[in-house]
Amino acid sequence: MRFASWLRRVRAYTAIVEMVPKLYVAYRAWFWAGLFVQTLVLVIVVYFWRAVYADRTTLGGLPLQQTLNYVMLAQVLVPMVESKLVFFFGQMLVEGKLIMELLRPVDLQARFWVEATTFLFIDLFMRLPLAVFAWLVFGLSLPSEPTVWGAFLVSLLLGQGVMFLFNWIFACLAFYTTESWGLGMVQQGVATFFSGALVPLALMPDWLERLALSLPFAQVLYMPLALLSGITPVAEAPRVWLVQALWLAGLLVASRLIFGVAVRRITVQGG
C-alpha cells in the first residue's frame, strides 16, 4: 500500500517535469530574443571588466583572465538567482487558485521545488550557446580536472536548494499584500547583487564582502563559481558544502514554519 502511494507521488512529480519543456516549445520566440539579449549583456560585461583592469594586472588578488572567467560563467548561471515564485504566489491568490493547489495529493513545496529545478536546468541547458560564444570569442577557460567539476556540481545543487527555500520564505509575503510585482523586483535586485552575479565577492570592500557572505545568496552563485573559476581551491569544497548544507537545513525548517503561519492569512483582491 505504501509502495503504491509512493509510486503515485513519483508519477505526479514526473508529470510536472514533463510539462516544463512543453512551455519552452510553445514560446520559442522568447528563447531567441533572450539569447540575443544575454549575448549583448555578456559582451558589455567583458569590455567593462577589461576597462577596469586597463591600468593594473590584478584586482583584489584576481588577475584579469580569472575575473573574466568568473563573470562570463556568472552570465551563464544567472538563472540561479532568478525566481518567479513570489509572482506565482501572488497570481494564485488573486485568482483564488491556492486552495486548489493545497488540495492536490502532493506536497505544495515539493511540487514547486520540482518545477523550479526543472525550469532551472532547462534554462542552463538553453544557455550553452552563450558559453560556446564566450569560449570562441573571449577565450572562456574551463578547468579540465574532474574533481573541480564534481565539487562545482554538488555546490550548484546545494545552492539551488538554498535559493529555492529563501524564495519560498520571501514569497510568503504575498499573503500579506495584494501586489507581488514590487516584492519580486526587490528580491531580484538584492539576490543578483549579493550573490556575486555582477561582481565577484572577492573584489568587494571587506565589510561588504563579509555582509554578502553572511547572507544566503552567496551560497547560490558565488560559492559554486568560486570553485569552478579557481577563486576557492577545490580542497576547500567540503567546507563549502557543509556551510551550504547548514543553510539548506535551516531554511527548510524555517520555510515550513513560515508557510504554515502565512497560509492562515490570505488577502485576495476584491475580497
Side-chain angles (χ1 to χ4, degrees), residues 31-32 34-53 56-82 117-163 191-204 209 212-213 217-241 243-244:
F31 164 71
W32 294 110
L35 183 60
F36 173 77
V37 173
Q38 294 153 14
T39 303
L40 183 61
V41 171
L42 177 68
V43 172
I44 293 172
V45 166
V46 169
Y47 279 101
F48 169 80
W49 282 103
R50 283 181 176 177
V52 170
Y53 273 84
R56 52 177 64 88
T57 56
T58 62
L59 186 65
L62 303 181
L64 172 61
Q65 189 56 48
Q66 190 173 37
T67 298
L68 287 180
N69 283 339
Y70 176 93
V71 295
M72 286 190 288
L73 289 169
Q75 290 303 308
V76 175
L77 296 180
V78 76
M80 290 285 296
V81 296
E82 297 174 350
T117 304
T118 307
F119 267 116
L120 172 64
F121 283 100
I122 292 179
D123 275 336
L124 295 181
F125 178 77
M126 302 290 268
R127 282 179 176 249
L128 286 179
L130 189 65
V132 173
F133 175 83
W135 173 59
L136 293 174
V137 178
F138 297 117
L140 173 63
S141 178
L142 297 173
S144 57
E145 299 85 355
T147 53
V148 175
W149 282 100
F152 162 73
L153 290 174
V154 172
S155 182
L156 189 74
L157 289 171
L158 290 170
Q160 191 275 334
V162 170
M163 191 72 229
T192 300
F193 181 77
F194 284 106
S195 67
L198 301 177
V199 180
L201 301 189
L203 300 185
M204 291 182 174
E209 181 183 4
L213 290 174
F217 311 113
Q219 312 303 322
V220 180
L221 190 66
Y222 179 73
M223 290 306 179
L225 276 184
L227 289 168
L228 190 61
S229 60
I231 296 175
T232 300
V234 70
E236 294 189 27
R239 177 188 61 80
V240 172
W241 298 340
V243 173
Q244 290 178 305

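Just so you know, these numbers use all the heavy atoms, side chains as well, and skip hydrogens, waters and symmetry mates.
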Distance, nearest 0.5 Å, that separates [atom1] of [X] from [atom2] of [Y]:
| X | Y | atom1 | atom2 | value |
| --- | --- | --- | --- | --- |
| Leu62 | Tyr70 | CG | OH | 10.0 Å |
| Leu130 | Phe36 | CG | CZ | 12.5 Å |
| Met223 | Leu201 | CE | CG | 7.5 Å |
| Ser141 | Gln65 | OG | CD | 6.5 Å |
| Trp149 | Leu228 | CH2 | CG | 4.5 Å |
| Leu120 | Leu156 | CG | CG | 7.0 Å |

Evaluate the criterion side chain to side chain contact (heavy atoms under 4.5 Å, CB included) for residue pair Leu124 and Leu77; output intermediate values, then yes/no.
-> CA-CA 7 Å; Leu124 295 181; Leu77 296 180; 3.7 Å; yes

Heavy atoms only: give me the nearest [X]-[Y] pair and the separation to one decimal.
| X | Y | answer |
| --- | --- | --- |
| Ser155 | Val240 | OG-CG1, 4.0 Å |
| Ala212 | Ala218 | O-CB, 3.5 Å |
| Val76 | Arg127 | O-CD, 3.0 Å |
| Val199 | Met204 | O-CE, 4.0 Å |
| Met72 | Ala134 | SD-CB, 3.7 Å |
| Val220 | Val81 | CG1-CG1, 4.1 Å |

Can you find a pair of side-chain heavy atoms, one from [X] and one from [Y], that are under 4.5 Å apart?
| X | Y | value |
| --- | --- | --- |
| Phe121 | Leu157 | yes |
| Arg50 | Leu68 | yes |
| Pro200 | Val71 | yes |
| Phe217 | Tyr222 | no |
| Leu142 | Leu73 | yes |
| Met163 | Leu221 | no |
| Pro224 | Gln160 | no |
| Phe133 | Leu140 | no |

Go through the steps to decide whether Ile122 and Phe119 satisfy the test side chain to side chain contact (heavy atoms under 4.5 Å, CB included), and finish with yes or no.
-> CA-CA 5 Å; Ile122 292 179; Phe119 267 116; over 6 Å; no

Parallel, tilted or perpendicular for Trp49 and Tyr53, by the 30°/60° rule?
-> tilted

Backbone of Ser229 reached by a side-chain donor or acceptor of Asn69 within 3.5 Å = no

Look only at the side chain of Gln75 and the backbone of Gln38, and say whether a donor-acceptor pair between them is shorter than 3.5 Å.
-> no

After noting the C-alpha distance and the side-chain angles of Leu203 and Thr67, does the key distance pass the side chain to side chain contact (heavy atoms under 4.5 Å, CB included) rule?
-> CA-CA 9 Å; Leu203 300 185; Thr67 298; 4.2 Å; yes

Could you please spell out the steps behind the side chain to side chain contact (heavy atoms under 4.5 Å, CB included) verdict for Glu145 and Val234?
-> CA-CA 10 Å; Glu145 299 85 355; Val234 70; over 6 Å; no

